[in-house]
Amino acid sequence: QHKVIFDTDPGVDDAMALLFLDQHPDIDLVGITSVFGNASIDTTTRNALFLKQLWAIDAPVARGAGRAVHPDRVEGPPPTFVHGDNGLGNVAGVPDSVDIAPDPRPAAQFIIDLVRANPGEISIVAVGRMTNLALALALAPDIVGLVKQVVIMGGAFDVPGNLSPAAEANIIGDPEAADSVMTADWKVVAIGLDVTHKTVMTRAEMAEVARIGGPKAQFLSDVSQFYIDFYQHIIADGMFVHDSCAAVYVVAPELFTLRRGAIRVSCEGIAVGQTIQKPDGMFFPPGPWDGMPSQSVCVEIDAPAVMSLIKKTL
Ligand code: BDR
Ligand code: CA
C-alpha cells in the first residue's frame with residue numbers, strides 16, 4: 001500500500017480526489033491537510049472534516065495555512081463562482097461546523113511528524129496552494145530526504161493557465177511557496193493543465209458513477225453539479241477532474257508521460273505564477289535554473305485509462 005498525505009482545498013474536484021484516495025485498495029491515506037484556495041481556510045478545513053465524517057474516512061485532518069507565505073501577497077476573494085459559497089457546489093446539508101476536531105497540530109508540523117515517522121514511505125499529494133509544504137520545508141529541511149515523492153496538481157507548462165494566460169490557480173495563489181517546493185531537493189511530479197484539461201468526467205458519467213457507487217458517490221455527484229455548470233463555457237456538460245489526476249499517479253504512474261528538468265515559478269511581473277521547466281539536456285546561458293534539481297513534468301496522459309480507473313474506484 002502507498003502511504004499518502006493529501007494536501008487539499010476542498011473544493012469539488014478535491015472532494016473527488018479524496019474519495020478516490022480513500023476508496024482505492026492500494027492507498028493508505030494517513031493524513032489530510034487543509035489549505036486556503038477554493039474557499040477560505042475555515043471553509044476548506046470544515047469541508048475536509050465534514051467529508052471525513054460523511055464518508056467515514058479514518059485519516060486525521062490537520063488545519064493548514066490561511067494565506068500565502070510572502071507577507072506582501074494579498075489573496076483575492078475565493079472563487080465562489082467555481083466551487084460555490086460553501087466550497088462544495090452549494091449542495092445542501094453541509095453544516096456550518098462539524099463536531100469532530102482537527103488534529104491539534106498545524107498542517108506543516110503534522111506533515112513533518114508523519115514524514116519523520118515513516119521515512120521514505122510517504123507520497124504527498126498536493127492539490128491546492130503549496131503553502132503548507134513550503135512552511136514544512138522551512139521548519140524542517142530534513143524532510144526532503146525522507147519523503148518518497150511529492151505529486152502536485154498545479155501549473156501550466158506548455159499551455160495557457162486558467163487564472164491568467166501564464167498561470168494556473170494553485171500556483172498563482174502562492175507563487176513563492178510553489179517555487180520553494182519545485183526547487184527543493186526531493187522528487188516532485190507536477191501534473192498541470194497540460195494534461196488535466198484532457199481528463200473530463202461528463203455529467204452522464206457522474207450520474208452513472210452515483211447510480212452504481214451508492215451514497216458516497218451520490219453525494220459527490222450532488223456536489224459536482226454546480227462545478228459542471230460552471231465549466232459549460234469551456235466543455236460540454238462535464239468537469240475537469242484536475243486533482244484526481246495527482247491521486248491516480250500514485251497508483252498508476254505508467255499512465256503518465258514525464259519530462260525531466262528543473263522547474264522555476266515566476267514570482268513577479270505579468271507572468272506571475274507561470275511554471276517554467278528547463279528540459280534536461282537543453283543548453284541555455286546561465287540562469288535561474290542552474291543548480292536546481294531536475295523534476296518531472298507530466299506532458300502526456302492516457303486519459304481514457306485514467307478516467308476509467310477513477311470511475312471504477314469511485
Ligand atoms: C486547481 O484549482 C482548483 O480550483 C482545483 O481544485 C484544482 O486544484 C485547478 O487549476
Ligand atoms: Ca484543489
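Just so you know, these numbers use all the heavy atoms, side chains as well, and skip hydrogens, waters and symmetry mates.
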Report task. From the options V188, I191, V4, select the one residue that forms a side-chain contact (heavy atoms from CB on, under 4.5 Å) with V151. Result -> I191
Query raised in the report: Okay, side chain of D22, backbone of L18: is any donor-acceptor separation there less than 3.5 Å?
Result: no
Query - Which atom of D9 lies closest to which atom of G128, heavy atoms considered - result: OD1-CA, 3.7 Å
Requested in this report: Decide yes or no for S221 and E205: does some side-chain heavy atom of the first lie under 4.5 Å from some side-chain heavy atom of the second?
Outcome: no
**Report entry** same_hphob_cluster(I212, L309) at 4.5 Å side-chain heavy-atom cutoff
**Finding:** no
**Report entry** Residue pair D7 / V125, side-chain heavy-atom distance below 4.5 Å
**Finding:** no
Report task. Give me the ring orientation class for H242 and Y231: parallel if the planes are under 30° apart, tilted from 30 to 60°, perpendicular past 60°. Result -> tilted
Requested in this report: May I have the step-by-step check of side-chain contact (heavy atoms from CB on, under 4.5 Å) for L193 and H197, ending in yes or no?
Outcome: CA-CA 5 Å; L193 301 181; H197 274 170; 3.8 Å; yes
Requested in this report: Answer yes if I111 and M182 sit in the same cluster of Ile, Leu, Val, Met, Phe, Trp and Tyr residues linked by side chain heavy atoms under 4.5 Å apart, and no otherwise.
Outcome: yes
Query raised in the report: Between N90 (side chain) and G84 (backbone), is there a donor-acceptor pair under 3.5 Å?
Result: no
**Report entry** Flag side-chain contact, heavy atom, 4.5 Å: N38 against D14
**Finding:** yes
Report task. Please answer whether the main-chain N or O of A56 pairs with a side-chain N or O of K52 as donor and acceptor at a distance below 3.5 Å. Result -> no
**Report entry** From CA spacing to verdict: side-chain contact (heavy atoms from CB on, under 4.5 Å), V251, H2
**Finding:** CA-CA 8 Å; V251 288; H2 304 273; 4.0 Å; yes
Query raised in the report: Does any non-hydrogen side-chain atom of V147 lie less than 4.5 Å from one of E121?
Result: no
Query raised in the report: Do R259 side-chain atoms and V299 backbone N/O form a donor-acceptor pair below 3.5 Å?
Result: no
**Report entry** Min side-chain heavy-atom separation I27-Q1 under 4.5 Å
**Finding:** no
**Report entry** Any donor-acceptor N or O pair under 3.5 Å, side chains Q23, T313
**Finding:** no
Report task. Keeping the roles fixed (side chain from W289, backbone from P279), state whether a donor-acceptor pair exists under 3.5 Å. Result -> no
Requested in this report: Give, for atom CD1 of I57 and atom CG of L19, the distance between the pair rounded to the nearest 0.5 Å.
Outcome: 7.0 Å
Query - Flag if over 12 foreign heavy atoms under 6.0 Å of CD1, I100 - result: yes
Requested in this report: Hey, could you give me the CH2/NZ distance between W55 and K216, rounded to the nearest 0.5 Å?
Outcome: 9.0 Å
Report task. Report yes or no: do I235 and Y227 belong to one cluster of Ile/Leu/Val/Met/Phe/Trp/Tyr joined by side chain heavy-atom distances under 4.5 Å? Result -> yes
Query raised in the report: Hey, is CG on D290 packed in by over 12 heavy atoms from elsewhere, all under 6.0 Å?
Result: yes
**Report entry** Residues D99, Q53; criterion side-chain hydrogen bond (donor to acceptor under 3.5 Å, both in side chains); working and verdict
**Finding:** CA-CA 9 Å; D99 55 10; Q53 194 172 50; 2.8 Å; yes
Query raised in the report: Could R203 and D229 be called an ion pair, given the rule that one side-chain N must be under 4.0 Å from one carboxylate O?
Result: yes
Query - Atom CG of D58 with >12 non-hydrogen neighbours under 6.0 angstrom - result: no
Query raised in the report: Do the side chain of T43 and the main chain of A39 share a donor and acceptor less than 3.5 angstrom apart?
Result: no
Query - Side-chain heavy-atom pair T8, T44 within 4.5 angstrom cut-off - result: no
Query raised in the report: Would a 4.5 Å heavy-atom cut-off, applied to side chains only, mark K311 and E208 as touching?
Result: no
Query raised in the report: Would you call D103 and R63 a salt bridge, using N to O less than 4.0 angstrom?
Result: no
Query raised in the report: Got a donor-acceptor contact below 3.5 angstrom from the N47 side chain to the N86 backbone?
Result: yes
Report task. Classify the ring geometry between F50 and F219 as parallel (under 30°), tilted (30 to 60°) or perpendicular (over 60°). Result -> perpendicular
Report task. For A271 and A166, work out which heavy atoms get closest and say how close. Result -> CA-CB, 3.9 Å
Query - Closest heavy-atom pair and its distance - D237, I228 - result: C-CG2, 3.9 Å
Query - M153 backbone acceptor or donor facing N170 side chain under 3.5 Å - result: yes
Report summary line: Between T196 and C245 the two heavy atoms that sit nearest each other are CG2-SG, 4.0 Å
Query raised in the report: Knowing that exactly one of I310, D13, V241 qualifies, which makes a side-chain contact (heavy atoms from CB on, under 4.5 Å) with T199?
Result: V241
Query raised in the report: So, are R129 and E75 salt-bridged, with charged N and O less than 4.0 Å apart?
Result: yes
Report summary line: When rounded to the nearest 0.5 Å, the distance separating NZ of K278 from OG of S294 is 8.5 Å
Query raised in the report: Can you check whether P95's main-chain N or O pairs, donor with acceptor, with R46's side chain at less than 3.5 Å?
Result: yes
Query raised in the report: How about L137 and I143: do any of their side-chain heavy atoms sit closer than 4.5 Å?
Result: yes
Query raised in the report: Given the rule that I, L, V, M, F, W and Y join up when any side-chain heavy atoms are under 4.5 Å apart, are M201 and V91 in one cluster?
Result: yes
Query - K148 side-chain N/O to G120 backbone N/O, donor-acceptor pair under 3.5 Å - result: no
Query raised in the report: Could you go step by step and tell me if I301 and V306 meet the side-chain contact (heavy atoms from CB on, under 4.5 Å) rule?
Result: CA-CA 8 Å; I301 190 169; V306 167; 3.8 Å; yes
Report task. Report the C-alpha distance between R116 and D142 in whole Å, list the side-chain angles of each, state the deciding distance to 0.1 Å, and finish with yes or no for salt bridge (charged side-chain N to carboxylate O under 4.0 Å, His left out). Result -> CA-CA 9 Å; R116 284 180 176 160; D142 61 292; 2.7 Å; yes
Query raised in the report: Between F20 and H24, how do the two ring planes meet: parallel, tilted or perpendicular, split at 30° and 60°?
Result: tilted
Query - Gap between atom CZ of R260 and atom OG of S296 - 0.5 Å precision - result: 4.0 Å
Query raised in the report: Are there more than 12 heavy atoms of other residues, nucleotides or ligands under 6.0 Å from atom CD of E268?
Result: no
**Report entry** Transitive ILVMFWY side-chain link I122 to L146, under 4.5 Å
**Finding:** yes
Requested in this report: Describe, in one word, how the ring planes of F256 and Y249 are oriented to each other, choosing from parallel (under 30°), tilted (30 to 60°) and perpendicular (over 60°).
Outcome: perpendicular
Query - From CA spacing to verdict: side-chain contact (heavy atoms from CB on, under 4.5 Å), Q274, R264 - result: CA-CA 8 Å; Q274 185 168 32; R264 294 302 309 262; over 6 Å; no
Query raised in the report: Are R73 and D174 close enough for a salt bridge, meaning some N to O gap below 4.0 Å?
Result: no
Report task. Measure the CG-CG distance between L139 and L135 for me, rounded to the nearest 0.5 Å. Result -> 6.5 Å
